[in-house]
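Side-chain atoms are counted along with the backbone in the values below, which use heavy atoms only and exclude waters and symmetry mates.
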Amino acid sequence: MLQPILRLALPSPLRRLFDYLPPVGIAVSSLKPGMRLRVPFGRREIVGVLVEIVDHSDVPPAKLKPALEALDSQPPLPPELFKLCLWTAQYYQHSLGDTFSWALPVLLRQGEPAETRQERFWHAAKGARPEDPRLSRAPRQREALKTIAQHPHGVAHSLVSQLQLSKDSLDQLLQKGMLRTETRRSHDIKRHQGSWLLQPELPLNQEQRAAFEAINAGLDGFQTFLLAGVTGSGKTEVYLQLIHQVLEAGKQALVLIPEINLGPQTLARFEKRFNARIALLHSNVNDRERLDAWLAARDGEADIIIGTRSALFTPMKNPGLIILDEEHDASYKQQEGLRYHARDLAVVRARQENLPILLGSATPSLESLQNAHSGRYALLKLTQRAGGAQAPRFLRLDVKSRPLDSGISGPLQQAMAQTLAAGQQVLVFLNRRGFAPSLLCHDCGWISQCPRCDARMTLHQRHNELRCHHCGHAERPLHSCPDCNKLDLRPVGAGTERAEERLGTIFPDYPVLRIDRDSTARKGSMEQLLTTINRGEPCLLVGTQMLAKGHHFPRVTLVAILDADGGLFSADFRASERMAQLIVQVAGRAGRAEEPGKVIIQTHLADHPLLVQLTEQGYFAFADQALSERRAAGLPPFSHLALLRAEAQKPGQAEDFLDQACSQAEQLLEQLGISGVELLGPVPAPMERRAGRFRAQLLLQGNARAPLHKLMGVWIPLVEALPGSRTVRWSLDVDPIDLF
DNA sequence: AGCACGCCGACT
DNA sequence: GTCGGCGTGCTC
């Protein structure tokens with residue numbers, strides 16, 4: 001046989017494989033696709049993934065280098081996951097090597113052995129004594145050495161902080177040769193024993209039972225279920241009982257949740273219910289724990305895997321079910337690098353591995369609803385709230401030609417006063433942080449423009465600064481106008497800070513609690529706010545969409561939405577969908593059995609058909625209406641989009657680049673005889689300048705996926721080869737969720 | 001993306 | 001005289 005050639009995917013944005021000779025002294029027959037190899041790349045050494053072994057390379061033999069070493073004796077990534085990565089790279093037109101980087105735990109892509117439960121243990125070195133003169137002026141190191149010496153089998157690194165040892169002292173001792181470390185398995189494989197349930201299952205109502213039985217009957221193969229359950233309808237109980245069935249069948253369940261929901265409550269609920277090994281994968285889990293959880297899932301040593309977006313790529317030895325909660329949530333879509341949608345990929349994965357998948361939401365995305373309508377997904381509805389709680393009543397409050405007092409109209413103030421007087425709580429929703437979205441000179445019209453973006457800087461009174469929410473630029477607000485020097489600078493519009501301040505003045509007898517990214521930035525401050533709220537005394541909560549997620553406020557009976565109009569006349573075609581989901585989710589925080597909640601929506605467009613549908617007929621009526629509008633306009637899910645974005649230092653550069661890319665695409669469409677794909681643009685981005693860079697975009701719209709992907713498959717490699725692709729920063733977003 | 005090379009402006 | 005700005009080119 002000719003010299004075998006290894007084709008590797010490397011962590012680089014380049015959309016191609018790189019050829020290497022096998023490492024010296026290694027039997028090629030021992031190498032299998034999916035194994036990692038350390039290779040020289042330019043002047044660096046990196047870790048690549050073997051994709052295939054071929055007997056010919058187009059690269060001149062002189063350029064071929066041997067790989068340095070094989071890092072695995074078995075491919076760390078099971079074939080199903082390897083296949084999913086191939087599919088992902090192809091679908092999102094992304095570099096395969098970089099796709100592996102997003103899918104694999106950090107430590108694996110850095111070349112760490114793919115082995116479970118290896119842990120570093122600290123041991124006292126032979127002859128090391130605390131009385132050593134080198135430690136005479138290092139009392140903490142001396143104490144550390146004493147502590148370590150008390151443990152003949154060593155101290156596991158994970159216990160270091162519990163034993164009041166500091167890593168610094170240990171490192172110092174290690175350098176002095178007074179400690180040594182050893183890496184070994186930290187504990188034996190945990191086995192599952194006994195019953196799966198720790199507490200009895202809750203009784204299901206008729207709807208829950210119907211949903212449970214429908215899905216339970218479909219647990220043995222691929223099928224997508226859409227569980228549309230209003231807030232409080234007991235979706236989670238259905239999840240838990242299905243997972244129980246999966247566990248009884250000796251299989252594993254993967255549960256994906258949005259970023260914001262990974263509060264301890266989710267985990268607590270699972271841990272209370274199940275005697276099962278639960279692996280947790282989210283952004284606050286460190287690299288080592290993440291790898292261990294990943295390996296435990298892969299090797300069948302975890303029964304339930306709970307995680308956010310990227311946990312989608314967790315391999316499972318005996319997969320039985322995928323659940324994706326709050327499937328409409330935008331945090332499932334990655335917005336940088338590999339721009340994948342975990343919901344869409346989860347369905348692909350379920351199909352590839354012949355698994356059932358359950359998507360749940362009170363406000364399903366229009367995409368998923370359309371899939372249900374077309375019969376691809378099985379739709380299951382839960383319409384009753386637990387404990388007989390009633391659905392909130394909606395009221396559209398027309399504020400056209402009504403004066404607003406820091407964004408709050410008179411009738412709304414009266415409704416608030418009544419609610420508070422009745423001893424209940426009020427929730428005020430406003431999707432804008434800060435005091436005011438801009439500062440205006442009443443004399444000459446100067447406005448607080450961000451110097452680096454086409455956006456206004458928001459006034460944050462608490463920190464006494466003007467801050468741009470798009471690039472983070474901040475400056476001190478001046479007392480006089482920088483243009484005309486007059487002193488008449490006025491804040492325009494209202495954010496949560498201003499609403500908080502104003503409400504405090506209007507209702508001096510009640511506490512006002514603000515809940516947004518600024519007020520909850522400090523650790524523990526959210527918990528503190530929740531404790532106060534749960535005490536149940538009448539108060540006003542003011543906040544952004546943080547209020548809409550996860551927490552329930554049983555004492556809130558009035559929800560005020562200060563401004564719904566942004567969702568009704570935005571340039572973004574998804575704005576109304578997002579607005580509707582937000583309104584329903586916020587409304588869902590309120591009300592209980594004895595007292596239905598009331599939701600007051602301030603709007604200038606009280607007769608807008610979408611808003612009328614939503615408030616009078618509910619979310620599904622809204623969705624039908626919105627879907628027929630999308631169909632008429634040829635927008636997703638009735639067409640498919642891809643967005644080529646570009647940004648550059650100088651004006652016009654990004655557009656020039658996209659112009660060239662656009663000509664290439666036009667040519668290809670003709671050459672390949674592709675029809676059903678339209679090129680829209682290039683145009684400047686809706687916010688042309690951001691963080692000092694000029695941005696433009698080219699939108700591709702396909703009437704079906706096939707022609708769009710056929711084009712992209714040949715086109716994107718050409719775009720990559722364009723001369724401008726170095727000076728211009730560009731990215732492709734397949735199925736973008738926003739067009740900014 | 002990294003990383004190096006290379007060619008022009010303001011500094012010890 | 002050099003430090004360093006970012007344009008250009010390459011990575012098997």
Side-chain angles (χ1 to χ4, degrees), chain A residues 1-26 28 31-71 85-86 88-89 92-104 106-111 310 334-340 452 644-658 660-661 691-695 716-733:
Chain A
M1 184 179 165
L2 293 163
Q3 172 70 280
I5 301 290
L6 313 181
R7 311 209 69 214
L8 298 191
L10 302 182
S12 143
L14 301 170
R15 290 167 176 78
R16 57 190 134 126
L17 301 180
F18 288 83
D19 297 353
Y20 284 88
L21 302 172
V24 287
I26 280 241
V28 176
L31 297 174
K32 298 188 193 85
M35 286 183 175
R36 296 168 302 153
L37 292 123
R38 192 182 299 282
V39 295
F41 189 61
R43 248 141 281 217
R44 306 175 283 155
E45 280 181 16
I46 55 177
V47 175
V49 175
L50 180 60
V51 174
E52 53 180 351
I53 302 173
V54 294
D55 55 16
H56 165 79
S57 172
D58 293 333
V59 177
K63 285 183 110 179
L64 289 176
K65 299 178 187 172
L68 299 168
E69 59 167 334
L71 295 170
C85 289
L86 291 178
T88 302
Y92 291 101
Q93 292 295 320
H94 198 79
S95 137
L96 179 59
D98 200 49
T99 302
F100 282 127
S101 294
W102 285 105
L104 288 170
V106 184
L107 292 183
L108 285 191
R109 60 182 195 247
Q110 288 173 355
S310 63
Q334 176 144 299
Q335 294 286 34
E336 39 151 356
L338 171 63
R339 294 172 166 257
Y340 66 98
R452 311 173 66 218
L644 186 64
R645 290 177 236 254
E647 54 175 64
Q649 223 49 258
K650 300 192 194 107
Q653 256 184 338
E655 269 163 290
D656 289 347
F657 172 76
L658 291 182
Q660 293 174 46
R693 307 176 74 89
F694 293 85
R695 315 178 323 137
I716 294 302
L718 294 179
V719 173
E720 192 176 291
L722 276 175
S725 71
R726 202 127 306 109
T727 37
V728 169
R729 211 187 275 172
W730 65 277
S731 67
L732 179 72
D733 194 347

Expressed as a whole number of angstroms, how long is the span from [X]:[atom1] to [N]:[atom2]?
X	N	atom1	atom2	result
A/I46	B/dG2	CD1	P	10 Å
A/E45	B/dA1	CD	P	22 Å
A/Q110	B/dG2	CD	P	13 Å
A/R44	B/dG2	CZ	P	6 Å
A/R729	C/dC6	CZ	P	12 Å
A/H56	C/dC12	NE2	C1'	13 Å
A/L10	C/dC12	CG	P	9 Å
A/F18	C/dT11	CZ	P	9 Å

Next on the checklist: Let me confirm one number: the CG-OG1 distance from A/L104 to A/T99, rounded to the nearest 0.5 Å.
Outcome noted: 10.5 Å
Next on the checklist: A quick test of your reading: do over 12 heavy atoms of other residues, nucleotides or ligands sit less than 6.0 Å from NZ of A/K32?
Outcome noted: yes
Would you indicate what [X] reaches in the nucleic acid, counting non-hydrogen atoms under 4.0 angstrom: base, sugar-phosphate, or nothing?
X	value
A/R16	base
A/R726	base
A/Y20	sugar-phosphate
A/L14	base
A/P11	nothing

Checklist entry - Which listed nucleotide (C/dT11, C/dT8, B/dC5) is nearest to the side chain of A/R43? => result B/dC5
Next on the checklist: Can you tell me which nucleotide in B/dA1, C/dC12, C/dT8 comes closest to the side chain of A/T727?
Outcome noted: C/dT8
Checklist entry - When you look at A/I5 and A/L21, which way does the side-chain contact (heavy atoms from CB on, under 4.5 Å) test go after all the steps? => result CA-CA 5 Å; A/I5 301 290; A/L21 302 172; 4.1 Å; yes
Item to check | Shortest non-hydrogen contact from A/P13 toward A/S95 | outcome: O-CB, 3.5 Å
Checklist entry - Considering all heavy atoms of both residues, which atom of A/P11 and which atom of A/S101 are nearest to each other, and what is their separation? => result CB-OG, 3.5 Å
